[in-house]
Protein chains: 2
Amino acid sequence: MTTERNPENTRMKILGAAFQEIHKHGYQGMRVDNVLKNTNLKKGALYHHFAGKQALGYAVLEELIQPRIAELWIDPLNDFGNPLEGIHALFEGLDAVWSDESFILGCPLNNLAQEMSPIDEGFRERIEKFFQYWKASIAEALKTGQEKGIVDISINTDDCAIFILSSIEGALGMTKNHQDKEIYYSCGKELKRYLNTLRA
Amino acid sequence: MTTERNPENTRMKILGAAFQEIHKHGYQGMRVDNVLKNTNLKKGALYHHFAGKQALGYAVLEELIQPRIAELWIDPLNDFGNPLEGIHALFEGLDAVWSDESFILGCPLNNLAQEMSPIDEGFRERIEKFFQYWKASIAEALKTGQEKGIVDISINTDDCAIFILSSIEGALGMTKNHQDKEIYYSCGKELKRYLNTLRA
DNA sequence: CTTACAACAAACCAACTGGTCTGTTTGATA
DNA sequence: TATCAAACAGACCAGTTGGTTTGTTGTAAG
């Protein structure tokens, strides 16, 4: 018989179930009892691995959400010779890696940002730092593009990076509300138009 | 002595207090008891004027939030000869009409959209319809601009309108998380760059 | 083998939450 | 001024919620 106890495994099971709950209902809407129900575990397990609901929420953010976004949006930025084409490719590429349900539930990072920023400084700070890291990565890619002579030398890469980030999150948010990916496609087309204005 | 009872007045007092609670804590985070506490009214009053928490939430959306946004963003669209300059002026003008706290609490319409779209079809439908109305108004302004020869005839006004809307909401959302209006200013500059690409 | 702690299960709890119920007061109307 | 429905107040309630406590079991080290 294989090991019946696997602490790291049970911890991840709780984290995964909590992520799904948060993704759909938000952090405040997530119910500890529901998380447990979806894992066949009991309170003893959860409160052994996590100090409380808040600690669980922070763990979901730092151990699941942020790494996943880094993997999808930030790390690949360097793989593109042209950052402008790269950013657009990443946006369009989301269609292939995100399920239909994900488009309906929205970006888990921005969901938490909008919900928690005014009421929990711990969430807000963590999310802000990550957004800044994301923004800096985009700005860095744009600067590299400038050095290559691909990107207009006169643009403010910080301004552009924030606008790109905002527009991506805004587009995903609008798609979430409309539950219609045509919104997402339209925004992709116009994002491309904007990116083209940054060419050298 | 003036009238001690004023049903319409107490109803509005409840609506206003509920709006503030929702604006800060979200609909799920709003507590009926807190709303009452901020009005010096009791349960009897609230449940006389509203069927329940959900009905109160819908009323806040339809009677306070949507009219206010129409007033700030949609109605003025026709006042500008050039829609591209008009949209940018509206974005920049928000600085004068929104308090610092509002920038921290974010756009109340988009807040509800992000929180409630996956879990309450009543909220989602109402918000979607309003966003569509908003988008249609922008598209209409762009079309008028095309007829005037101000706006590029080759653009898809629907695509552009959705992107503009998404970018505005995205920018306000990012500002909310960062609690820093510099984000908002940066996005304003780049929104202008995008709008310029739509010129004839 | 036994010891000792990590890894859980299960019952329990106090505070909270939306909502109801009953009763009282106001004020327009006949 | 008698009437009566609207407009509330205030006590009450059942279900929920995050969290605690106590007890049990697996399992790796000595």
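Chain letters run A, B, ... following the sequence lines, proteins first, then strands; residues in each count from 1. Note that the structure is a prediction, hence the values are computed from the model and not measured.
- Of the candidates D/dG10, C/dC8, C/dG27, the closest approach to any side-chain atom of B/K42 belongs to D/dG10.
- Of the candidates D/dT27, C/dC8, D/dA7, the closest approach to any side-chain atom of A/E4 belongs to D/dT27.
- Residue pairs meeting the ring-ring contact (aromatic ring centres under 6.0 Å, His included) criterion with at least one partner in residues 144-179 of chain B, sequence neighbours excluded, are B/F163-B/Y194.
- Between A/T10 and C/dA7 there is no side-chain N or O to OP1 or OP2 distance below 4.0 Å.
- Between the P atom of D/dG26 and the CG atom of A/N9 lies a distance of 17 Å, rounded to the nearest Å.
- Atom CZ in B/F50 sits roughly 14 Å away from atom C1' in D/dA7 (whole-Å rounding).
- Between B/L46 atom CG and D/dG10 atom P the separation is 15 Å, expressed in whole Å.
- For B/N40 and D/dC8, the CG to C1' distance is 14 Å, given to the nearest whole Å.
- The interatomic distance linking A/D33 (CG) with C/dC16 (C1') rounds to 14 Å, in whole Å.
- Between B/H49 and the phosphate of D/dC8, there is a side-chain N or O to OP1/OP2 separation shorter than 4.0 Å.
- Straight-line distance from the NZ atom of A/K37 to the P atom of D/dG18: 12 Å, rounded to whole Å.
- Between the CZ atom of B/R11 and the P atom of D/dA7 there is a distance of 11 Å, given to the nearest Å.
- In terms of polar N and O atoms assigned as donor or acceptor, the side chain of B/K43 comes within less than 3.5 Å of the base of C/dG19 in a complementary pairing.
- The phosphate of D/dC8 (OP1 or OP2) has no side-chain N or O of B/H48 nearer than 4.0 angstrom.
- Residue A/K53 holds its NZ atom at 5.5 Å from CE of A/M30, rounded to the nearest 0.5 Å.
- Annotation: side chain of A/Y58 is not in contact with side chain of A/Y27 (no heavy-atom distance under 4.5 Å).
- Separating the CG atom of A/L41 from the P atom of D/dT24 is a distance of 20 Å, rounded to the nearest angstrom.
- Phosphate contact (OP1/OP2 of C/dT17, side-chain N/O of B/R31, threshold under 4.0 Å): present.
- Relative to the side chain of A/Y47, the nucleotides D/dG18, D/dA7, D/dG10 differ in distance, and D/dG18 lies closest.
- Between A/A141 and A/P83 the shortest heavy-atom distance is O-CG, 3.4 Å.
- Distance from the side chain of B/K53 is smallest for C/dG18 among the nucleotides C/dG18, D/dG10, D/dG19.
- Looking at every heavy atom in both residues, A/E128 comes nearest to B/N177 through CA-OD1, 3.3 Å.
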